[in-house]
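Everything on this sheet refers to the single structure shown next.
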Amino acid sequence: MGHSLLCLLGLFLLNTVIHGNAGDKPKAKLSADNTAVPVGGSVTLTCSVNPSSSSRWKYYWYKENYGVRERLWDAFFLSNDQVRVSQGGLYSCKGKRGRYCSELSQSVRIDTIVSNRPVVTLHPNWSEIYRGETITVRCEIHGGDTEWDYEWETNSMIKAPNQNEYRIRSASSSNSGNYRCKGRMKSSQHKTTEWSDSVTLTVSTSKPRATPTAQSLTIPAGGSVTLSCSVEGSAGWKFDWFRRDSVSSKAQLIRGNEANRDISVSQGGLYHCRGGRGDPVYYTEDSSNVTIMQIIPIKPPVTLQPSWPQIYSGETVTVRCEIQGGEGAQWTYEWSPAKLNTPPTSNEYRIITVTESDSGGYSCRGRRDYFFTEWSDIITLTVS
Ligand SMILES: *[C@@H]1O[C@H](CO)[C@@H](O)[C@H](O)[C@H]1NC(C)=O
Ligand SMILES: *[C@@H]1O[C@H](CO)[C@@H](O)[C@H](O)[C@H]1NC(C)=O
(Lines give C-alpha, C1' and ligand atoms only; values in the text may rest on other atoms or scores of the structure.)
(Ligands and ions follow the chains in the order given, each with its own letter.)
Protein backbone atom coordinates (compact mmCIF):
# COMPACT_ATOMS: atom_id res chain seq x y z
CA MET A 1 0.00 0.00 0.00
CA GLY A 2 2.83 2.36 0.91
CA HIS A 3 4.31 1.49 -2.45
CA SER A 4 1.37 2.72 -4.51
CA LEU A 5 1.06 5.89 -2.45
CA LEU A 6 4.68 6.66 -3.25
CA CYS A 7 3.96 6.13 -6.87
CA LEU A 8 1.03 8.52 -7.01
CA LEU A 9 3.03 11.25 -5.42
CA GLY A 10 6.02 10.48 -7.64
CA LEU A 11 3.88 10.63 -10.75
CA PHE A 12 2.64 14.08 -9.90
CA LEU A 13 6.16 15.32 -9.26
CA LEU A 14 7.55 13.62 -12.38
CA ASN A 15 5.02 15.21 -14.69
CA THR A 16 5.41 18.58 -13.18
CA VAL A 17 9.15 18.34 -13.57
CA ILE A 18 9.25 16.96 -17.14
CA HIS A 19 6.32 18.68 -18.76
CA GLY A 20 5.34 21.37 -16.34
CA ASN A 21 1.81 20.01 -16.67
CA ALA A 22 0.25 17.71 -14.12
CA GLY A 23 -2.48 16.54 -16.56
CA ASP A 24 -0.15 15.04 -19.17
CA LYS A 25 0.87 11.80 -17.48
CA PRO A 26 3.10 9.27 -19.21
CA LYS A 27 1.13 6.10 -19.67
CA ALA A 28 2.35 2.53 -19.99
CA LYS A 29 1.27 0.45 -22.97
CA LEU A 30 0.99 -3.31 -22.94
CA SER A 31 1.13 -5.32 -26.16
CA ALA A 32 0.87 -9.08 -26.66
CA ASP A 33 2.07 -11.29 -29.51
CA ASN A 34 -1.18 -13.28 -29.39
CA THR A 35 -4.64 -12.76 -27.95
CA ALA A 36 -4.82 -16.28 -26.58
CA VAL A 37 -2.52 -18.86 -25.06
CA PRO A 38 -2.55 -21.92 -27.31
CA VAL A 39 -2.89 -25.34 -25.71
CA GLY A 40 0.50 -26.03 -24.05
CA GLY A 41 1.92 -22.70 -25.24
CA SER A 42 2.46 -19.16 -24.00
CA VAL A 43 2.02 -15.51 -24.92
CA THR A 44 4.70 -12.84 -24.68
CA LEU A 45 3.68 -9.46 -23.23
CA THR A 46 5.70 -6.33 -23.82
CA CYS A 47 5.43 -3.14 -21.77
CA SER A 48 6.56 0.33 -22.84
CA VAL A 49 6.08 3.92 -21.73
CA ASN A 50 5.83 6.89 -24.06
CA PRO A 51 7.62 9.19 -24.26
CA SER A 52 10.52 6.89 -23.43
CA SER A 53 13.28 9.11 -22.20
CA SER A 54 16.94 8.55 -21.70
CA SER A 55 16.88 6.81 -18.36
CA ARG A 56 15.42 3.32 -18.17
CA TRP A 57 12.01 2.42 -16.91
CA LYS A 58 11.57 -0.59 -14.75
CA TYR A 59 8.37 -2.42 -15.54
CA TYR A 60 5.88 -3.96 -13.16
CA TRP A 61 3.23 -6.49 -14.20
CA TYR A 62 -0.27 -7.05 -12.90
CA LYS A 63 -3.01 -9.56 -13.34
CA GLU A 64 -6.62 -9.28 -12.31
CA ASN A 65 -8.01 -12.15 -10.27
CA TYR A 66 -11.74 -11.99 -9.71
CA GLY A 67 -11.71 -8.22 -10.09
CA VAL A 68 -8.67 -7.66 -7.85
CA ARG A 69 -5.43 -6.47 -9.49
CA GLU A 70 -2.35 -8.16 -8.08
CA ARG A 71 1.34 -8.17 -8.87
CA LEU A 72 2.21 -10.93 -11.30
CA TRP A 73 4.51 -13.57 -9.87
CA ASP A 74 3.80 -16.83 -11.67
CA ALA A 75 5.28 -15.86 -15.06
CA PHE A 76 8.54 -16.23 -16.88
CA PHE A 77 10.32 -12.85 -16.91
CA LEU A 78 12.20 -12.70 -20.19
CA SER A 79 13.71 -9.25 -19.79
CA ASN A 80 12.94 -5.96 -18.10
CA ASP A 81 10.08 -5.21 -20.52
CA GLN A 82 8.95 -8.68 -21.57
CA VAL A 83 7.21 -11.46 -19.75
CA ARG A 84 5.89 -14.81 -20.93
CA VAL A 85 2.55 -15.98 -19.55
CA SER A 86 0.79 -19.29 -19.97
CA GLN A 87 -2.46 -18.39 -18.15
CA GLY A 88 -5.36 -16.39 -19.44
CA GLY A 89 -6.35 -13.25 -17.61
CA LEU A 90 -6.54 -9.47 -17.68
CA TYR A 91 -2.99 -8.15 -17.73
CA SER A 92 -1.66 -4.65 -17.26
CA CYS A 93 1.69 -3.05 -16.55
CA LYS A 94 3.30 0.17 -15.53
CA GLY A 95 6.78 1.65 -15.59
CA LYS A 96 8.70 3.04 -12.68
CA ARG A 97 11.74 5.23 -12.77
CA GLY A 98 13.35 5.87 -9.45
CA ARG A 99 10.35 6.57 -7.28
CA TYR A 100 8.21 7.81 -10.11
CA CYS A 101 5.56 5.65 -11.76
CA SER A 102 3.79 5.90 -15.10
CA GLU A 103 0.07 5.56 -15.33
CA LEU A 104 -1.12 1.95 -15.47
CA SER A 105 -1.59 0.58 -18.97
CA GLN A 106 -4.98 -0.44 -20.22
CA SER A 107 -5.82 -4.03 -19.37
CA VAL A 108 -5.23 -6.55 -22.12
CA ARG A 109 -7.30 -9.66 -22.16
CA ILE A 110 -5.46 -12.90 -22.81
CA ASP A 111 -7.51 -16.06 -23.13
CA THR A 112 -6.43 -19.61 -22.50
CA ILE A 113 -7.37 -22.03 -25.22
CA VAL A 114 -8.87 -25.25 -23.91
CA SER A 115 -8.68 -28.46 -25.86
CA ASN A 116 -12.44 -28.84 -26.50
CA ARG A 117 -13.02 -28.26 -30.17
CA PRO A 118 -16.34 -26.83 -31.30
CA VAL A 119 -18.06 -28.00 -34.45
CA VAL A 120 -20.59 -26.04 -36.49
CA THR A 121 -23.46 -28.16 -37.74
CA LEU A 122 -26.44 -27.36 -39.91
CA HIS A 123 -29.86 -28.76 -39.03
CA PRO A 124 -31.08 -30.14 -41.28
CA ASN A 125 -27.73 -30.65 -42.96
CA TRP A 126 -28.92 -30.47 -46.57
CA SER A 127 -26.22 -29.45 -48.99
CA GLU A 128 -28.48 -26.87 -50.59
CA ILE A 129 -30.93 -24.56 -48.85
CA TYR A 130 -33.59 -22.66 -50.71
CA ARG A 131 -34.85 -19.17 -50.04
CA GLY A 132 -37.64 -19.33 -47.48
CA GLU A 133 -36.53 -22.57 -45.83
CA THR A 134 -35.96 -22.83 -42.10
CA ILE A 135 -32.53 -23.92 -40.91
CA THR A 136 -30.56 -23.92 -37.68
CA VAL A 137 -26.82 -23.30 -37.48
CA ARG A 138 -25.53 -24.86 -34.27
CA CYS A 139 -22.26 -24.71 -32.36
CA GLU A 140 -21.55 -28.01 -30.64
CA ILE A 141 -18.83 -28.36 -28.01
CA HIS A 142 -18.24 -31.80 -26.65
CA GLY A 143 -16.80 -32.39 -23.24
CA GLY A 144 -18.60 -32.79 -19.98
CA ASP A 145 -21.06 -30.49 -18.30
CA THR A 146 -19.13 -27.32 -18.95
CA GLU A 147 -21.38 -24.37 -19.63
CA TRP A 148 -20.34 -22.05 -22.39
CA ASP A 149 -21.04 -18.65 -23.80
CA TYR A 150 -20.86 -18.70 -27.56
CA GLU A 151 -19.29 -16.36 -30.07
CA TRP A 152 -19.87 -16.46 -33.79
CA GLU A 153 -17.91 -15.13 -36.69
CA THR A 154 -19.49 -14.96 -40.11
CA ASN A 155 -19.07 -13.12 -43.36
CA SER A 156 -22.77 -13.37 -44.07
CA MET A 157 -24.65 -10.10 -44.12
CA ILE A 158 -26.64 -11.01 -41.03
CA LYS A 159 -24.75 -11.66 -37.79
CA ALA A 160 -25.52 -14.67 -35.68
CA PRO A 161 -26.49 -13.97 -32.07
CA ASN A 162 -24.18 -15.15 -29.29
CA GLN A 163 -26.05 -18.31 -28.49
CA ASN A 164 -25.25 -21.89 -29.24
CA GLU A 165 -27.72 -21.96 -32.08
CA TYR A 166 -28.94 -19.58 -34.68
CA ARG A 167 -32.35 -20.40 -36.10
CA ILE A 168 -33.03 -18.87 -39.49
CA ARG A 169 -36.77 -18.95 -40.01
CA SER A 170 -36.87 -17.87 -43.60
CA ALA A 171 -33.47 -18.14 -45.21
CA SER A 172 -32.39 -15.58 -47.79
CA SER A 173 -29.18 -15.03 -49.70
CA SER A 174 -28.03 -12.61 -47.00
CA ASN A 175 -27.68 -15.62 -44.68
CA SER A 176 -25.21 -17.20 -47.10
CA GLY A 177 -21.66 -17.28 -45.82
CA ASN A 178 -19.11 -19.08 -43.70
CA TYR A 179 -19.88 -19.60 -40.04
CA ARG A 180 -17.49 -20.48 -37.26
CA CYS A 181 -17.90 -20.36 -33.52
CA LYS A 182 -16.04 -20.65 -30.27
CA GLY A 183 -17.05 -21.16 -26.69
CA ARG A 184 -16.08 -19.19 -23.61
CA MET A 185 -16.39 -21.02 -20.30
CA LYS A 186 -19.07 -19.49 -18.11
CA SER A 187 -17.12 -20.48 -15.01
CA SER A 188 -13.81 -19.00 -16.16
CA GLN A 189 -14.16 -16.10 -18.55
CA HIS A 190 -10.58 -16.33 -19.80
CA LYS A 191 -10.91 -19.89 -21.03
CA THR A 192 -12.08 -20.29 -24.59
CA THR A 193 -12.05 -22.97 -27.19
CA GLU A 194 -10.33 -22.53 -30.49
CA TRP A 195 -12.44 -21.39 -33.40
CA SER A 196 -14.27 -24.22 -35.05
CA ASP A 197 -13.74 -24.96 -38.71
CA SER A 198 -15.92 -22.80 -40.92
CA VAL A 199 -19.08 -24.24 -42.35
CA THR A 200 -20.53 -22.75 -45.48
CA LEU A 201 -24.23 -22.06 -45.73
CA THR A 202 -25.43 -21.43 -49.26
CA VAL A 203 -28.96 -20.20 -49.72
CA SER A 204 -30.06 -20.66 -53.27
CA THR A 205 -32.30 -17.92 -54.64
CA SER A 206 -34.12 -20.21 -57.03
CA LYS A 207 -37.10 -22.31 -56.13
CA PRO A 208 -36.68 -25.98 -57.01
CA ARG A 209 -39.15 -27.73 -59.27
CA ALA A 210 -40.21 -31.33 -59.00
CA THR A 211 -39.96 -33.54 -62.07
CA PRO A 212 -42.35 -36.41 -62.68
CA THR A 213 -41.41 -39.45 -64.72
CA ALA A 214 -43.60 -42.36 -65.72
CA GLN A 215 -42.53 -45.90 -66.34
CA SER A 216 -45.17 -45.96 -69.08
CA LEU A 217 -47.80 -43.47 -70.25
CA THR A 218 -50.45 -46.12 -70.65
CA ILE A 219 -51.98 -48.30 -67.98
CA PRO A 220 -52.86 -51.68 -69.50
CA ALA A 221 -56.35 -53.00 -68.77
CA GLY A 222 -56.38 -54.14 -65.14
CA GLY A 223 -52.77 -53.06 -64.59
CA SER A 224 -50.86 -50.15 -63.10
CA VAL A 225 -47.85 -47.98 -63.81
CA THR A 226 -45.18 -46.50 -61.59
CA LEU A 227 -44.79 -42.72 -61.41
CA SER A 228 -41.71 -41.20 -59.91
CA CYS A 229 -41.17 -37.68 -58.55
CA SER A 230 -37.73 -36.17 -58.11
CA VAL A 231 -36.16 -32.91 -56.99
CA GLU A 232 -32.64 -32.42 -58.24
CA GLY A 233 -29.59 -31.68 -56.20
CA SER A 234 -30.70 -31.95 -52.62
CA ALA A 235 -32.11 -34.29 -50.01
CA GLY A 236 -34.89 -34.75 -47.52
CA TRP A 237 -37.90 -34.45 -49.78
CA LYS A 238 -41.25 -36.07 -49.35
CA PHE A 239 -43.68 -36.09 -52.19
CA ASP A 240 -47.28 -35.07 -52.80
CA TRP A 241 -49.15 -36.37 -55.82
CA PHE A 242 -52.17 -34.81 -57.50
CA ARG A 243 -54.53 -36.10 -60.14
CA ARG A 244 -57.14 -34.54 -62.44
CA ASP A 245 -59.61 -36.89 -64.02
CA SER A 246 -60.52 -34.42 -66.77
CA VAL A 247 -58.86 -31.35 -68.23
CA SER A 248 -61.40 -29.07 -66.58
CA SER A 249 -61.54 -30.68 -63.14
CA LYS A 250 -59.60 -29.58 -60.08
CA ALA A 251 -56.46 -31.42 -59.06
CA GLN A 252 -57.06 -33.74 -56.12
CA LEU A 253 -54.34 -34.73 -53.68
CA ILE A 254 -54.10 -38.50 -54.02
CA ARG A 255 -50.96 -39.14 -51.97
CA GLY A 256 -49.48 -36.80 -49.40
CA ASN A 257 -46.11 -36.76 -47.70
CA GLU A 258 -44.86 -39.91 -49.38
CA ALA A 259 -41.31 -40.75 -48.34
CA ASN A 260 -41.04 -42.98 -51.38
CA ARG A 261 -40.54 -41.14 -54.63
CA ASP A 262 -42.33 -43.91 -56.55
CA ILE A 263 -46.04 -44.51 -56.49
CA SER A 264 -48.12 -47.01 -58.36
CA VAL A 265 -51.29 -45.78 -60.06
CA SER A 266 -54.04 -47.69 -61.78
CA GLN A 267 -56.25 -44.82 -62.97
CA GLY A 268 -55.85 -42.63 -65.99
CA GLY A 269 -55.50 -38.92 -65.36
CA LEU A 270 -53.39 -35.81 -65.50
CA TYR A 271 -50.82 -36.22 -62.75
CA HIS A 272 -48.38 -33.83 -61.16
CA CYS A 273 -46.27 -33.84 -58.02
CA ARG A 274 -44.32 -31.55 -55.72
CA GLY A 275 -41.67 -32.03 -53.07
CA GLY A 276 -41.92 -30.80 -49.48
CA ARG A 277 -39.43 -30.88 -46.65
CA GLY A 278 -38.61 -29.33 -43.32
CA ASP A 279 -40.69 -28.02 -40.46
CA PRO A 280 -42.53 -25.82 -41.33
CA VAL A 281 -42.86 -27.56 -44.67
CA TYR A 282 -41.24 -25.86 -47.62
CA TYR A 283 -42.70 -26.83 -51.01
CA THR A 284 -41.08 -26.97 -54.44
CA GLU A 285 -42.85 -25.59 -57.49
CA ASP A 286 -45.47 -27.94 -58.90
CA SER A 287 -44.09 -30.28 -61.51
CA SER A 288 -45.27 -30.30 -65.10
CA ASN A 289 -48.24 -32.52 -65.92
CA VAL A 290 -47.90 -36.07 -67.05
CA THR A 291 -50.81 -37.59 -68.92
CA ILE A 292 -51.49 -41.21 -68.08
CA MET A 293 -54.00 -43.00 -70.29
CA GLN A 294 -55.82 -45.99 -68.90
CA ILE A 295 -57.07 -48.76 -71.12
CA ILE A 296 -60.48 -49.95 -70.08
CA PRO A 297 -61.43 -53.50 -71.03
CA ILE A 298 -64.00 -52.67 -73.72
CA LYS A 299 -63.39 -53.76 -77.25
CA PRO A 300 -65.69 -51.83 -79.61
CA PRO A 301 -67.04 -53.78 -82.55
CA VAL A 302 -66.18 -52.28 -85.93
CA THR A 303 -68.57 -52.78 -88.82
CA LEU A 304 -68.61 -52.12 -92.56
CA GLN A 305 -71.66 -50.99 -94.47
CA PRO A 306 -72.53 -52.48 -96.79
CA SER A 307 -71.39 -55.64 -95.13
CA TRP A 308 -71.07 -57.93 -98.11
CA PRO A 309 -67.60 -59.17 -98.86
CA GLN A 310 -67.26 -57.89 -102.40
CA ILE A 311 -67.09 -54.10 -102.85
CA TYR A 312 -66.52 -52.47 -106.23
CA SER A 313 -64.70 -49.28 -107.04
CA GLY A 314 -67.02 -46.32 -106.94
CA GLU A 315 -69.34 -47.65 -104.27
CA THR A 316 -69.91 -45.83 -100.98
CA VAL A 317 -68.72 -47.52 -97.82
CA THR A 318 -69.11 -46.59 -94.16
CA VAL A 319 -66.91 -47.94 -91.38
CA ARG A 320 -68.52 -47.67 -87.98
CA CYS A 321 -67.18 -48.01 -84.46
CA GLU A 322 -69.74 -48.81 -81.79
CA ILE A 323 -69.10 -48.49 -78.10
CA GLN A 324 -71.82 -50.10 -76.06
CA GLY A 325 -73.33 -47.62 -73.67
CA GLY A 326 -71.26 -44.98 -75.40
CA GLU A 327 -74.10 -43.07 -77.01
CA GLY A 328 -73.31 -40.03 -74.91
CA ALA A 329 -71.17 -37.50 -76.67
CA GLN A 330 -68.07 -37.87 -74.49
CA TRP A 331 -66.26 -40.41 -76.63
CA THR A 332 -63.93 -39.44 -79.40
CA TYR A 333 -62.62 -42.00 -81.83
CA GLU A 334 -59.28 -42.94 -83.15
CA TRP A 335 -58.87 -44.90 -86.32
CA SER A 336 -56.33 -47.06 -88.01
CA PRO A 337 -55.13 -46.40 -90.66
CA ALA A 338 -54.22 -42.98 -89.29
CA LYS A 339 -55.35 -41.10 -92.41
CA LEU A 340 -58.89 -41.53 -91.10
CA ASN A 341 -58.12 -39.35 -88.12
CA THR A 342 -58.87 -36.04 -89.80
CA PRO A 343 -61.02 -34.11 -87.38
CA PRO A 344 -63.74 -34.24 -86.45
CA THR A 345 -63.09 -37.88 -85.71
CA SER A 346 -66.41 -39.49 -85.26
CA ASN A 347 -67.56 -43.01 -84.80
CA GLU A 348 -68.32 -43.20 -88.51
CA TYR A 349 -66.03 -42.91 -91.43
CA ARG A 350 -67.66 -42.63 -94.81
CA ILE A 351 -65.84 -43.23 -98.09
CA ILE A 352 -68.06 -41.79 -100.80
CA THR A 353 -66.31 -43.43 -103.74
CA VAL A 354 -64.00 -46.23 -102.79
CA THR A 355 -60.98 -47.08 -104.88
CA GLU A 356 -58.68 -50.07 -104.72
CA SER A 357 -56.31 -48.08 -102.58
CA ASP A 358 -58.96 -48.07 -99.81
CA SER A 359 -58.54 -51.80 -99.47
CA GLY A 360 -57.06 -52.92 -96.19
CA GLY A 361 -57.72 -53.47 -92.53
CA TYR A 362 -59.71 -51.02 -90.43
CA SER A 363 -59.91 -50.75 -86.67
CA CYS A 364 -60.84 -48.15 -84.08
CA ARG A 365 -60.85 -47.31 -80.44
CA GLY A 366 -62.66 -44.80 -78.27
CA ARG A 367 -61.17 -42.14 -76.09
CA ARG A 368 -62.74 -40.22 -73.26
CA ASP A 369 -60.69 -37.94 -71.00
CA TYR A 370 -57.82 -40.16 -69.89
CA PHE A 371 -59.33 -43.48 -70.93
CA PHE A 372 -58.96 -45.54 -74.07
CA THR A 373 -60.97 -48.54 -75.03
CA GLU A 374 -58.99 -51.42 -76.42
CA TRP A 375 -58.52 -51.50 -80.18
CA SER A 376 -61.34 -53.21 -82.01
CA ASP A 377 -60.71 -56.28 -84.09
CA ILE A 378 -59.54 -55.45 -87.60
CA ILE A 379 -62.15 -55.55 -90.31
CA THR A 380 -60.88 -55.98 -93.86
CA LEU A 381 -62.21 -54.06 -96.84
CA THR A 382 -61.45 -55.54 -100.21
CA VAL A 383 -62.17 -53.32 -103.20
CA SER A 384 -62.17 -54.87 -106.68
C1 LIG B 1 -25.89 -35.17 -42.80
O2 LIG B 1 -25.91 -35.95 -41.65
C3 LIG B 1 -25.93 -37.35 -41.88
C4 LIG B 1 -26.01 -38.07 -40.54
O5 LIG B 1 -26.51 -37.25 -39.55
C6 LIG B 1 -24.68 -37.75 -42.64
O7 LIG B 1 -24.73 -39.13 -42.94
C8 LIG B 1 -24.60 -36.95 -43.94
O9 LIG B 1 -23.41 -37.24 -44.61
C10 LIG B 1 -24.68 -35.46 -43.64
N11 LIG B 1 -24.76 -34.75 -44.91
C12 LIG B 1 -24.07 -33.64 -45.16
C13 LIG B 1 -24.31 -33.02 -46.49
O14 LIG B 1 -23.31 -33.15 -44.36
C1 LIG C 1 -51.54 -28.95 -65.85
O2 LIG C 1 -52.77 -29.06 -66.44
C3 LIG C 1 -53.77 -28.21 -65.90
C4 LIG C 1 -55.11 -28.56 -66.55
O5 LIG C 1 -55.00 -28.62 -67.94
C6 LIG C 1 -53.38 -26.76 -66.15
O7 LIG C 1 -54.31 -25.90 -65.60
C8 LIG C 1 -52.01 -26.54 -65.51
O9 LIG C 1 -51.56 -25.22 -65.79
C10 LIG C 1 -51.01 -27.54 -66.03
N11 LIG C 1 -49.77 -27.38 -65.29
C12 LIG C 1 -48.61 -27.11 -65.91
C13 LIG C 1 -47.44 -26.96 -65.03
O14 LIG C 1 -48.50 -27.03 -67.12
Side-chain angles (χ1 to χ4, degrees), residues 126-134 170-173 203-296 298 321 323 325-326 328-335 338 341-347 364-375:
W126 299 318
S127 59
E128 196 164 11
I129 301 296
Y130 297 97
R131 188 179 59 200
E133 285 198 279
T134 296
S170 178
S172 71
S173 54
V203 181
S204 166
T205 54
S206 67
K207 193 164 184 176
R209 185 183 284 277
T211 307
T213 48
Q215 165 208 22
S216 157
L217 297 179
T218 308
I219 302 172
S224 61
V225 300
T226 300
L227 305 181
S228 189
C229 191
S230 61
V231 181
E232 230 174 75
S234 202
W237 299 102
K238 290 190 170 172
F239 303 96
D240 293 338
W241 281 97
F242 300 86
R243 171 175 174 262
R244 287 180 170 86
D245 56 10
S246 74
V247 178
S248 55
S249 68
K250 263 195 72 183
Q252 304 283 337
L253 179 74
I254 56 157
R255 298 285 180 84
N257 215 25
E258 277 281 330
N260 195 334
R261 71 178 61 237
D262 295 336
I263 64 163
S264 174
V265 298
S266 53
Q267 279 185 297
L270 192 63
Y271 288 88
H272 74 267
C273 67
R274 69 176 178 195
R277 68 178 187 181
D279 178 21
V281 182
Y282 170 85
Y283 291 108
T284 65
E285 299 270 15
D286 285 348
S287 75
S288 58
N289 292 314
V290 53
T291 302
I292 301 294
M293 298 299 297
Q294 178 186 351
I295 296 181
I296 49 177
I298 295 177
C321 200
I323 296 171
Q330 317 104 313
W331 291 98
T332 57
Y333 295 84
E334 196 176 327
W335 291 93
N341 292 325
T342 43
T345 52
S346 79
N347 72 328
C364 67
R365 65 176 177 181
R367 175 184 178 152
R368 196 183 63 198
D369 294 320
Y370 302 107
F371 305 94
F372 280 131
T373 67
E374 297 184 64
W375 281 101

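From a predicted model like this one, the values you see are computed outputs, not experimental measurements. Position 1 is the first residue of the sequence, and the numbers go up from there. Order of appearance sets the numbers: ligands from 1, and atoms from 1 within every ligand.
- Distances below 4.0 Å separate heavy atoms of S287 from the following atoms of ligand 2: 13 (C).
- Atom 7 (O) of ligand 2 has its closest protein heavy atom at R244 NH2, 4.0 Å.
- By the definition of a contact as any protein heavy atom under 4.0 Å away, atom 9 (O) of ligand 2 is not in contact.
- Side-chain atoms of K207 and Y283, non-hydrogen and from C-beta on, never get closer than 4.5 Å to each other.
- Between Y282 and W237, the two ring planes are tilted [angle within 30° to 60°].
- Side-chain contact check for I323 versus N347: every heavy-atom pair is 4.5 Å or farther apart.
- By heavy-atom distance, the residue among D286, T291, V247 lying nearest atom 5 (O) of ligand 2 is V247.
- The two atoms that bring R243 and I254 nearest to each other are CB-CG2, 3.9 Å, heavy atoms only.
- Using a 4.0 Å cut-off between heavy atoms, H272 makes no contact with ligand 2 at all.
- Within the 4.0 Å heavy-atom shell around ligand 2 one does not find A251.
- Considering backbone and side-chain N/O of N289, one or more are found under 3.5 Å from N/O of ligand 2.
- Heavy atoms of other residues, nucleotides or ligands lying less than 6.0 angstrom from CZ of R244 number more than 12.
- The side-chain heavy atoms of D369 and D245, taken from C-beta on, include no pair separated by under 4.5 Å.
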